[in-house]
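Shown next, in structure tokens, is the structure this report addresses.
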Amino acid sequence: MEQAVDTVREAPPSEPRWAERHPIAALFARRGAIGLVTLFVVSLVVFLATEVLPGNAAYAVLGHTATPARIKAIEDQLHLNRSIFDQYWSWISGVLTGNPGRSFANSQSVWSLVAPRLVNSAVLVAISGAIGTVLGLVLGAFAALRKDTWFDHLTSVVALAVTALPEFVVAIALIIVFSTVLLHLLPAVSLIPPGSYAWSRPELLVLPVATLVIVIVPYIMRMMRAAMIEALESDYVEMARLEGLRPWRVTFVHALPNAIAPAIQVVGLNFLYLAGGIVIVEDVFNFPGIGQGLVNAVSDRDIPTIQLIVVILAAFYVFVNIVTDVVALLASPRRRLGR
Amino acid sequence: MTSVLVPDSPSPAPAAVRTRRRRGSSTLARAARTRRGAIGLALVGIVVAIAVIGPFVAPYSPTAFVTSPFAAPSGSTLLGGDVLGRDVLSRVLAGGWLLLVMASAATVFGVVVGAAAGISAAYLRGSTDGLIMRSVDVILAFPSLVFVLLLVSIVGPKLWLITIAVGFVQAPPVARVLRSATLDLSERDYVKAVELQGMRPAKVMSSELLPNLVSPLMVELGLRLTYSIVIMAGLAFLGFGQPPPAPNWGYMIQENRIGLSSNPWAVIVPAALISVLTVGANTFTDAIARVVIGVERQGDDATLASTLGLGNLP
């Protein structure tokens, strides 16, 4: 959300006419262009970090077992003997055409390793994001309507505590309660065979989704509560009350829509958070997604896989940022005017 | 989101510099006197005491094999045995101090770099501002943990690299907060006055702007410390920390979870200590933020949330 403000503030004072007539389209175009540039720089950073900085990627892969022959083989595979521009070009064009190279770990095509994991992670993020958003908005609105009651105080203290808990602690706590020490209701690890998809065993999704939901709900709840309180105390809600509208109508038709706009940005941020949060949660539950794939790849120094997964996550980040800005803008008439 | 963190009472006269310097400690003292602040400080204090005194009072060596794997708690091993039959209590007592040292170092590094970048961007403006803030955008295009893993994949899980990497990913959000706080300050008359006297930009930033940014800096320090601990413990849990025989709360959870049904304490105790530490740090930070922006009404949660940088999740 800070990016949105920055862009508005840094916009040149005299925009072309087209942009004045279509402020939303102009914003979309500008954010899209910034996003593309950011992605380009991100791809450069990923490429340079993994292939050039350590002196030589071949040494990084082979470690102590480096022999001249093996180094030569890896260098040929990575085209390390070519110029840096050639290397970057052959890598990025491979990524963009769906042919990002072969894994160091087992020589399979990286894309065939990552694609099923990507689908599983997308399912995990989508379900957790959807449940977490609805739950957070409802709890936040409810806390605002019951402001200063025991429910409000309890949820705000719990939210403050939960926002500081590391994901793996939440995950382990759920495992202790539901699948090992206290109860034996759910599987502690997701034994989905590599290459098959998460929805084939829905019960394996329960604990990973629950962990991510618990971690994101407090943020959405706090933001929704604050926005709802602000809306409820505003003049137009007061006006609606004085006009004698029924309380439910005041709440749901007048206050709620105005509280949703600020909450949307937090929802977007939570999808961003989920992109990073899946790394640890997938590892805890042995869930075959790209987060676990990244951890394995870092342990194995499987550079082509690391590069592809990091670029995918960064692209998701940039995309969600743009969507969040635009949706927040559409949801809030005041913001459309700029400053 | 624009930051609201302007010092509560703007003191424009240069003569007030001396009193401004002391604002840092008085804010901390005021935060510690609130109920939230006292609770947060107590929680952090307990864990820090265990981590610091622990290594000296541990009954066994953290790497000695004294019982059977996942042995239940007994008179000689109060928390039972771990995956290799080492004493869980001794490993808990010895396994916290390095996490604290690394997280603190990363926090200081991240806040110093972020503050320097943010203040320079806001005060020098122009191309410096553009360059710094676009770099910030690029780093923020990665989830922090993913960026740290990317850096770790280069050289391997060296402790110095993890510390620098965790600090480095914390710098961008600090830079954003400090930039908007500085933008508000740099238009003040007292800044204009010293500029007219010909003070160099570096001196203006360090002796005029910085003392007035102590409040947002302290909130950021608390916040970044919490996230540093969360990220570091998470990295250790994933196996990117000290090499295995060394005790480490994060990795203890990972290596002992297969024995949860025999000796859950080997997992519960380190997990509880990490949680108490991060929850305590976060609660104290919340108290600092409330003192800084003078939150009395609960309805000011939105300002508080933005001050606490909820836009910058770990």
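Below, chain A is the first sequence line, B the second, and so on; all start at residue 1.
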Review point. How long is the span from the OG1 atom in B:Thr285 to the CG atom in A:Leu160, to the nearest 0.5 Å?
Key: 9.5 Å
Revision key, fill the gap. One should read off an interatomic distance between B:Leu149 CG and A:Leu294 CG, to the nearest 0.5 angstrom, of 5.0 Å
Write down the atom of [X], the atom of [Y], and the distance for their closest heavy-atom approach.
X        : Y        : value
B:Pro143 : A:Gly276 : CB-CA, 3.6 Å
A:Val310 : B:Phe142 : CG1-CE2, 3.4 Å
B:Ala141 : A:Thr38  : CB-CG2, 4.0 Å
B:Arg257 : A:Val284 : NH1-O, 2.7 Å

Study note, to complete from the structure: So, the part of A:Val42 with a heavy atom under 4.5 Å from chain B: the answer is both
**Study point:** Segment of A:Val318 engaging chain B (4.5 angstrom heavy-atom cut-off)
**Key:** side chain
Review point. Hey, is CZ on B:Phe168 packed in by over 12 heavy atoms from elsewhere, all under 6.0 Å?
Key: no
Are side-chain heavy atoms of [X] and [Y] found at a separation under 4.5 Å?
X        : Y        : value
A:Tyr317 : B:Leu140 : no
A:Phe168 : B:Leu238 : no
A:Val41  : B:Arg134 : no

Please tabulate, one pair per line, all N/O donor-acceptor pairs under 3.5 Å involving side-chain atoms of residues 266-281 of chain B, not counting sequence neighbours.
| residue | atom | partner | partner atom | Å |
| --- | --- | --- | --- | --- |
| B:Ser275 | OG | B:Ala271 | O | 2.7 |
| B:Thr278 | OG1 | A:Ala164 | O | 2.9 |
| B:Thr278 | OG1 | B:Ile274 | O | 3.2 |
| B:Thr278 | OG1 | B:Ser275 | O | 3.2 |

Check your understanding: Who passes side-chain contact (heavy atoms from CB on, under 4.5 Å) against A:Ala143, sequence neighbours left out?
Key -> A:Phe151, A:Asp152, A:Thr155, A:Arg225
**Study point:** Most chain B-contacting option - heavy-atom pairs closer than 4.5 Å, from A:Ile306, A:Val320, A:Val45, A:Asp283
**Key:** A:Asp283
